[in-house]
Chemist: 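Shown below is the structure under consideration.
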Amino acid sequence: MATGITRFHARYYAALLTQQQANGDLGSLSQSLLSSTVDINPHQIDAALFAFSSPLSKGVVLADEVGLGKTIEAGLVICQYWATGKRKIIIVCPASLRKQWEAELLDKFGIPSEILDTKNYNAYQREGKNPLSPKRAIICSYNFAAKHKEHILLHAFDLAVIDEAHKMRNVYRSSARTSAEVRDALTGVRKLLLTATPFQNSLMELYGLTSIIDDRLFGSEKSFRKQYGKGENLQELRQRIQKLYTRTLRKDVREYINYTHRLPLTQKFKATDEEQVLYQEISDFLRRKDIYSVPAAQRKLTTMIVRKILASSTYALVFTLEHIKERLERMLKNEKQERFDVYDLIDEDEWNLEDYEELPPEDDEDLFDAEEIDIPRLKAEIATVVGFIEKAKNIHYCPVKVD
């Protein structure tokens, strides 16, 4: 049976096909521009088009200065991928930004997403469901992506957006384990890195970010240092990265953006006597060499994490102490050592291991000590940790008057 279409339908299908483009011209963003509910500035369109400029590219870095809307630029790219049926999208960001990403994707671009953390990931698996379903964009923290790198790698995402990508600038170092695991989890995935500071202290940071996208562009760390480490051949370096990096400064957009002048205020805080006592007691506890709570090989990193949590609030501290207690109680029940996982100390809503990647590397040889457990000593240690938890819960905050 012969079939035909009207002129109206022909134009409609032609428009749909036009929206399938992703070749670096304005037509490639047609669906994204129509779908968004936000005022879009010219430099944001330019940045999104830059991301599509080379179909063979493994990814780009959007490095606009702070406040110029890199999230909007990424949203335009995500929206275009979504419109063309490429819906296996993952956003990796600091834990504190996950809810913001979820809200902006839905409110400004109409894209459904879900924040994945350890709790709902495990719930999906218990129900026999795939936590990485392509029905919505996935948003997760750096820690989550590192911890579940094998599953993420097997899922083969179409696009990965890495927000605050400068946190991975030291990925080439052996101590930057979390960054390396995130990089490995996204092997073969087209990447969109967002950062206002592609490098600050050293050109090696530029090498680190570039290697996340294309580890062959500069070759080895040694080769990069030899060519550019002393500030030599900078013109050549600019030419080599010009197809990977785009950056707009505030001075470039003043003709159409008015910035609010902001004044920073410093809020004084004074710890109570109870907080200082608790801080000292836990610090002394972590220095002990006979505790099961923290393996000797990870004491340095763990002490840094716990002290930072202590300086934040006792509410955050309780989360960490509860996990330490639960691990010790399992060891007591099973009468055997249990492997230590530093991720268990961190509430993903509050902390990122990326904050500690400047620490010297730990000694891998002693991550798991299989010595026989001293039951009385373990019981005494559990009692000590329970005492810390009770003290933390009994500390109440009250407003502090600042003169």
Side-chain angles (χ1 to χ4, degrees), residues 20 22 32 51-52 55-62 71 74-95 97-106 109-165 167-168 171 176-194 209 211-216 341 343 346 348-349 352-354:
Q20 306 298 308
S32 304
F52 288 114
L56 300 178
S57 170
K58 298 178 181 180
V60 298
V61 180
L62 305 185
T71 303
L76 288 171
V77 176
I78 293 171
C79 196
Q80 183 63 21
Y81 266 76
W82 195 267
T84 58
K86 297 179 179 179
R87 301 189 173 185
K88 297 167 69 174
I89 297 169
I90 185 169
I91 297 100
V92 182
C93 61
L97 298 181
R98 293 173 303 176
K99 292 180 181 178
Q100 178 182 328
W101 267 100
E102 182 182 39
E104 294 210 357
L105 283 179
L106 184 61
F109 298 98
I111 294 177
S113 63
E114 182 177 4
I115 296 171
L116 268 191
D117 55 26
T118 300
K119 184 177 180 180
N120 59 9
Y121 178 88
N122 291 338
Y124 275 120
Q125 290 200 314
R126 285 194 298 269
E127 296 170 4
K129 298 178 181 178
N130 179 12
L132 303 178
S133 167
K135 296 181 180 178
R136 73 272 191 264
I138 298 299
I139 303 171
C140 68
S141 68
Y142 282 90
N143 294 346
F144 181 93
K147 192 171 185 178
H148 301 282
K149 65 178 182 179
E150 290 84 2
H151 194 180
I152 291 173
L153 181 61
L154 290 174
H155 191 67
F157 281 93
D158 297 314
L159 176 69
V161 177
I162 304 177
D163 197 6
E164 301 290 329
K167 290 181 175 292
M168 297 180 65
V171 65
R177 297 174 186 171
T178 305
S179 296
E181 288 170 344
V182 173
R183 177 200 61 198
D184 295 346
L186 301 174
T187 300
V189 181
R190 189 180 175 106
K191 301 175 186 70
L192 196 62
L193 274 58
L194 312 181
L209 283 186
S211 69
I212 295 171
I213 296 175
D214 187 351
D215 59 358
R216 297 184 178 182
D341 188 348
Y343 286 101
I346 299 174
E348 286 188 322
D349 290 327
N352 279 299
L353 282 179
E354 304 301 318

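Quick caveat, the model's predicted, so the values are computed rather than measured.
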Chemist: Are the side chains of I162 and L186 in touch, meaning some heavy atoms are under 4.5 Å apart?
Modeler: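 When only atoms from C-beta onward are counted, L186 and I162 do touch, with a gap below 4.5 Å.
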Chemist: Sequence neighbours left out, what passes salt bridge (charged side-chain N to carboxylate O under 4.0 Å, His left out) with E102? Give chain and number order.
Modeler: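 Counting only residues at least two positions away or on another chain, E102 forms no salt bridge (charged side-chain N to carboxylate O under 4.0 Å, His left out).
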Chemist: Provide the full list of salt bridge (charged side-chain N to carboxylate O under 4.0 Å, His left out) pairs with a residue in residues 77-93, sequence neighbours left out, each pair given once.
Modeler: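 Non-adjacent pairs meeting salt bridge (charged side-chain N to carboxylate O under 4.0 Å, His left out): zero.
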Chemist: List for me each residue that meets salt bridge (charged side-chain N to carboxylate O under 4.0 Å, His left out) alongside E164, sequence neighbours excluded, and say none if there are none.
Modeler: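 Checked E164 against salt bridge (charged side-chain N to carboxylate O under 4.0 Å, His left out); zero matches.
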Chemist: Using ring pair (Phe, Tyr, Trp, His ring centres under 6.0 Å) as the criterion, list what pairs up with H148, not counting sequence neighbours.
Modeler: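 Per chain and number, H148 pairs via ring pair (Phe, Tyr, Trp, His ring centres under 6.0 Å) with Y121, F144.
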Chemist: Could you tell me if the side chain of I91 sits less than 4.5 Å from the side chain of I78, heavy atoms only?
Modeler: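 Of all side-chain heavy-atom pairs linking I91 with I78, at least one is under 4.5 Å.
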Chemist: Considering all heavy atoms of both residues, which atom of L159 and which atom of V77 are nearest to each other, and what is their separation?
Modeler: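 Between these two residues, the closest heavy atoms are CD2-CG1, 4.1 Å.
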Chemist: To the nearest 0.5 Å, what is the distance between CE on M168 and CD1 on I212?
Modeler: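 So the gap between those two atoms works out to 3.5 Å.
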Chemist: So how far is it from I90 CD1 to H155 NE2, rounded to the nearest 0.5 Å?
Modeler: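 Interatomic distance, I90 CD1 to H155 NE2, rounded to 0.5 Å: 8.5 Å.
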Chemist: Checking side-chain contact (heavy atoms from CB on, under 4.5 Å) for the pair C140/R98: CA distance, chi angles, key distance, verdict?
Modeler: CA-CA 7 Å; C140 68; R98 293 173 303 176; 5.7 Å; no
Chemist: Give the C-alpha distance, both sets of side-chain angles, the deciding distance and a yes or no for side-chain contact (heavy atoms from CB on, under 4.5 Å) between Y124 and N130.
Modeler: CA-CA 6 Å; Y124 275 120; N130 179 12; over 6 Å; no
Chemist: Name all residues meeting the side chain to side chain contact (heavy atoms under 4.5 Å, CB included) criterion together with A74; count only those two or more places apart in sequence or in a different chain, and write none if there are none.
Modeler: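 Per chain and number, A74 pairs via side chain to side chain contact (heavy atoms under 4.5 Å, CB included) with W101, V161, L192, L194.
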Chemist: Could you pull out the closest heavy-atom pair between K191 and L193, with the gap in Å?
Modeler: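 Closest approach of K191 to L193: CB-CD1, 3.8 Å.
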Chemist: Is any side-chain heavy atom of L116 closer than 4.5 Å to one of L132?
Modeler: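 In short, these two side chains touch, coming nearer than 4.5 Å.
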Chemist: Test side-chain contact (heavy atoms from CB on, under 4.5 Å) on N120 and E114 and set out the steps.
Modeler: CA-CA 10 Å; N120 59 9; E114 182 177 4; 3.7 Å; yes
Chemist: Return the set of residues passing side chain to side chain contact (heavy atoms under 4.5 Å, CB included) with L153 (not counting sequence neighbours), or none when no residue passes.
Modeler: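 L153: side chain to side chain contact (heavy atoms under 4.5 Å, CB included) contacts with T187.
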Chemist: At their closest point, which heavy atom of R136 faces which heavy atom of P131, and how far apart are they?
Modeler: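 Closest approach of R136 to P131, heavy atoms only: NH2-O, 3.1 Å.
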Chemist: Can you list everything that forms a side chain to side chain contact (heavy atoms under 4.5 Å, CB included) with E104? Sequence neighbours excluded, please.
Modeler: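 Applying side chain to side chain contact (heavy atoms under 4.5 Å, CB included) to E104 gives T71, I72, Q100, K108.
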Chemist: Suppose we screen for side chain to side chain contact (heavy atoms under 4.5 Å, CB included). Which residues come up paired with K119, at least two apart in sequence or across chains?
Modeler: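 Scan of K119 (side chain to side chain contact (heavy atoms under 4.5 Å, CB included), adjacent residues dropped) gives D117.
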Chemist: Any side-chain heavy atom of K167 within less than 4.5 Å of one from S179?
Modeler: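 No, too far: nothing below the 4.5 Å cut-off.
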Chemist: Could you give me the CA-CA distance, side-chain angles and deciding distance for I139 and L105, then say whether side-chain contact (heavy atoms from CB on, under 4.5 Å) is met?
Modeler: CA-CA 10 Å; I139 303 171; L105 283 179; 4.3 Å; yes
Chemist: For V189 and A160, work out which heavy atoms get closest and say how close.
Modeler: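 Nearest pair, atom of V189 first, then A160: CG1-N, 3.6 Å.
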Chemist: Distance check, rounded to the nearest 0.5 Å: F52 atom CZ versus L76 atom CG?
Modeler: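 These two atoms lie 8.5 Å from each other.
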Chemist: Which residues pass the salt bridge (charged side-chain N to carboxylate O under 4.0 Å, His left out) test with D214, sequence neighbours left out?
Modeler: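 Checked D214 against salt bridge (charged side-chain N to carboxylate O under 4.0 Å, His left out); matches are K58.
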Chemist: For A137 and W82, which heavy atoms make the closest approach, and how far apart are they?
Modeler: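 Closest pair (atom of A137, atom of W82, distance): N-CZ3, 3.9 Å.
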Chemist: Mark yes or no for whether D215, through its side chain, and S211, through its backbone, hold a donor-acceptor pair below 3.5 Å.
Modeler: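 Answer holds: no.
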